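In each ligand, atom 1 is the first atom listed, and ligand 1 is the first ligand listed. Everything numeric in this text was worked out from a predicted model, so none of it was measured. We number each residue from 1, following the sequence as shown.
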Amino acid sequence: MVLAAEEEAIVETVREFVDKQVRPVVRELEHANTYPEDLIGTMKEIGIFGLSIPEPYGFGAVSMPCYVRVAEELARGWMSLAGAMGGHTVVSKLILLFGTEDQKRLYLPRMATGELRATMALTEPGGGSDLQAMRTVARRDGDDYVINGSKTWISNARRSDLIALLCKTDPDADPAHKGVSILLVEKVPGFSISKDLPKLGYKGVEACELNFTDARVPVAALLGSDEGKGFAQMMKGLEVGRLQVAARATGVARAAFDDALRYAQDRESFGKPIWEHQAVGNMLAEMGTKLAAARALLLSAAEKFDSGQRVDMEAGMAKLFCSETAMQIALDAVRVHGGYGYSTEYDIERYFRDAPLMIVGEGTNEIQKGVIAKQLVKRGGLSI
Ligand SMILES: Cc1cc2nc3c(=O)[nH]c(=O)nc-3n(C[C@H](O)[C@H](O)[C@H](O)COP(=O)(O)OP(=O)(O)OC[C@H]3O[C@@H](n4cnc5c(N)ncnc54)[C@H](O)[C@@H]3O)c2cc1C
């Protein structure tokens, strides 16, 4: 699909940033597991943290197709950079869609510049898929909520000064989702980061365990003005999150495909470029076809998001297909590169370590299949 000229220019700016500033340094940052301070600084200057924040709170929001293409470009350079703006966008959308006017004015202008970073905290040590079984509780005490519980795997937690916390304000509610709310939590006394979690990929960006022990926030921290709406609010937010993860996967797949296509023309065996061996040519053909299909699915889901319709099925399909495709393409890129595919002096092994995150994060692919099947039945099939 074609973007408006000014949106195409934004994507082009990010593409140039990735080629000139990210790709030359990514291997070093990755292997040193270094937080990319300078690159994040440039992302703030480009306006990447404000892409979903319209005027008067920000500089103007872009369309969802433009947003996913920016995320895809970043991930093509380094998935960690796209990860650093993912949760932040979900939180900005949550505040925009459901926040009070005071919350919008308090947070969105600083979030748009990236001066204030935000993350979302859903997953708990006891489980991430079964959110309604969460144990983090915020009890009302006068004009405050008092929070107790813990969250795990929270991306960007050290660098984020605002956390959209999914918790129970009524732990006895039946059904359980009616007792779930979102609190906009700053780093108040009683909040602590207990651990940085070691991980296979997604290097440079932290994922942490968070603890809340009698952490007190004012009642005004409740997203919107009603308790018990948090589950539905977060499901809408996750549509954005899942499109973003699908875009990240597509970016990783593109990088792996591009590298494999180039390598297959440079590397020779038996007196010819390896792509001319049918087995390798077929692999490239399949990789390219799957990538094109993944990207088309992603863009069509993003386009539908902007129509204002419910897109949990479409976002789920994009997330499922793009992430499984990224995994396959990353593996095939290892095959095409032979021994070099296994070398830490090349980028291929990084794609292979980054791709699985998109299968798990933002709701596992098994959970996506559940969402998709339910919607297929409810909607009476695909409207194509
Ligand atoms: C690097 C990283 C960053 C992350 N960042 C964040 C973040 O910023 N914020 C956040 O809140 N979370 C974050 N997560 C957590 C992530 O969203 C969860 O790991 C994910 O939702 C799965 O939850 P779980 O790990 O508890 O697995 P579980 O829920 O324990 O699932 C284990 C397995 O059982 C399967 N399963 C469970 N229930 C069902 C079911 N009903 N049907 C079919 N299969 C099922 C799952 O698919 C999976 O295969 C991050 C994770 C990682 C690895």
K.L.:
Do you see a donor-acceptor pair shorter than 3.5 Å between the side chains of Ser269 and His277?
P.N.:
yes
K.L.:
Of the choices Ser160, Gly241, Ser129, which has the non-hydrogen atom that lies closest to atom 38 (N) of ligand 1?
P.N.:
Ser129
K.L.:
Within 4.0 Å of atom 1 (C) of ligand 1 (strictly less), any protein heavy atom?
P.N.:
yes
K.L.:
Which residue and non-hydrogen atom of the protein lie closest to atom 9 (N) of ligand 1, and at what distance in Å?
P.N.:
Met120 O, 3.0 Å
K.L.:
Enumerate the atoms of ligand 1 whose separation from the nearest heavy atom of Gly127 is less than 4.0 angstrom.
P.N.:
26 (O)
K.L.:
Just to confirm my output: which protein heavy-atom neighbour is closest to atom 39 (C) of ligand 1, and how far is it?
P.N.:
Ile367 CD1, 3.8 Å
K.L.:
Using 4.0 Å as the upper bound for N to carboxylate O, is an ion pair formed by Glu73 and Arg76?
P.N.:
yes
K.L.:
Lys151 side chain to Leu122 main-chain N or O, any donor-acceptor pair under 3.5 Å?
P.N.:
yes
K.L.:
Protein heavy-atom contact under 4.0 Å for atom 12 (N) of ligand 1?
P.N.:
yes
K.L.:
Looking at Tyr202, is Arg248 sitting on its ring face, NZ or CZ under 6.0 Å from the six-membered ring centre and within 45 degrees of the normal?
P.N.:
yes
K.L.:
Under 4.0 Å and counting heavy atoms only, is there anything from the protein next to atom 33 (C) of ligand 1?
P.N.:
no
K.L.:
Which is it for Leu357 and ligand 1 at heavy atoms under 4.0 Å: side chain, backbone, both or neither?
P.N.:
side chain
K.L.:
Atom 22 (C) of ligand 1: protein heavy atom closer than 4.0 Å?
P.N.:
yes
K.L.:
What's the spacing between Cys208 SG and Arg159 CZ if we round to 0.5 Å?
P.N.:
8.5 Å
K.L.:
Could you tell me the residue and atom name of the protein heavy atom closest to atom 18 (C) of ligand 1, and the distance to it rounded to 0.1 Å?
P.N.:
Thr123 OG1, 3.9 Å
K.L.:
Provide, to 0.1 Å, the distance between atom 46 (C) of ligand 1 and the closest protein heavy atom, together with that atom's residue and name.
P.N.:
Thr364 OG1, 3.6 Å
K.L.:
Carefully, step by step, assess Asp259 and Tyr346 under the rule side chain to side chain donor-acceptor pair (under 3.5 Å).
P.N.:
CA-CA 10 Å; Asp259 287 7; Tyr346 282 65; over 6 Å; no
K.L.:
Which atoms of ligand 1 are found less than 4.0 Å from any heavy atom of Ser155?
P.N.:
3 (C), 4 (C), 5 (N), 6 (C), 7 (C), 8 (O)
K.L.:
Which of the atoms in ligand 1, numbered in the order shown and given with their element, are less than 4.0 Å from a heavy-atom of Leu122?
P.N.:
10 (C), 11 (O)
K.L.:
Is there a donor in the side chain of Thr169 and an acceptor in the side chain of Ser181, or the other way round, less than 3.5 Å apart?
P.N.:
yes
K.L.:
What part of Lys151, side chain, backbone, both or neither, has a heavy atom within less than 4.0 angstrom of ligand 1?
P.N.:
neither
K.L.:
Would you say Gly370 touches ligand 1, if touching means a heavy atom closer than 4.0 Å?
P.N.:
no
K.L.:
Where is the nearest protein heavy atom to atom 49 (O) of ligand 1: which residue, which atom, and how far?
P.N.:
Glu366 OE1, 3.4 Å
K.L.:
One pair to check against salt bridge (Lys or Arg N to Asp or Glu O under 4.0 Å): Asp196 and Arg158. What are the steps and the verdict?
P.N.:
CA-CA 9 Å; Asp196 283 52; Arg158 288 195 184 276; 2.5 Å; yes
K.L.:
Is any side-chain heavy atom of Glu186 closer than 4.5 Å to one of Leu162?
P.N.:
yes
K.L.:
Check Leu197 against ligand 1 and report side chain, backbone, both or neither, counting heavy atoms closer than 4.0 Å.
P.N.:
neither
K.L.:
Where do Gly224 and Thr100 come nearest, in terms of heavy atoms and distance?
P.N.:
O-CG2, 3.7 Å
K.L.:
Does Lys199 reach the main-chain N or O of Leu357 with its side chain, forming a donor-acceptor pair under 3.5 Å?
P.N.:
no
K.L.:
Do me a favour and list the nearest non-hydrogen protein atom to atom 24 (P) of ligand 1 with residue, atom name and distance?
P.N.:
Gly128 N, 3.7 Å
K.L.:
Between Leu222 and Leu183, which heavy-atom pair has the shortest distance, and what is it?
P.N.:
CA-CD2, 3.7 Å
K.L.:
Is there a side-chain contact between Met64 and Lys304 in this structure, where contact means two heavy atoms from C-beta onward sitting under 4.5 Å apart?
P.N.:
no
K.L.:
Can you sort out which atoms of ligand 1 are near Tyr202, meaning under 4.0 Å from one of its heavy atoms?
P.N.:
1 (C)
K.L.:
Using a strict cut-off of 4.0 Å, indicate which atoms of ligand 1 neighbour a heavy atom of Ile154.
P.N.:
7 (C), 8 (O), 9 (N), 10 (C), 11 (O)
K.L.:
For ligand 1, which atoms have a heavy atom of Glu362 less than 4.0 angstrom away?
P.N.:
17 (O)
K.L.:
Look at atom 19 (O) of ligand 1 and say which protein heavy atom is nearest, naming residue and atom and giving the distance to 0.1 Å.
P.N.:
Val360 CG1, 3.8 Å
K.L.:
List the closest protein heavy-atom neighbour of atom 5 (N) of ligand 1: residue, atom name, distance to the nearest 0.1 Å.
P.N.:
Trp153 O, 2.7 Å
K.L.:
Evaluate the side chain to side chain contact (heavy atoms under 4.5 Å, CB included) criterion for residues Arg335 and Val280: first the C-alpha distance (whole Å), next the side-chain angles of each, then the deciding distance (0.1 Å), finally the verdict.
P.N.:
CA-CA 9 Å; Arg335 291 186 218 273; Val280 177; over 6 Å; no
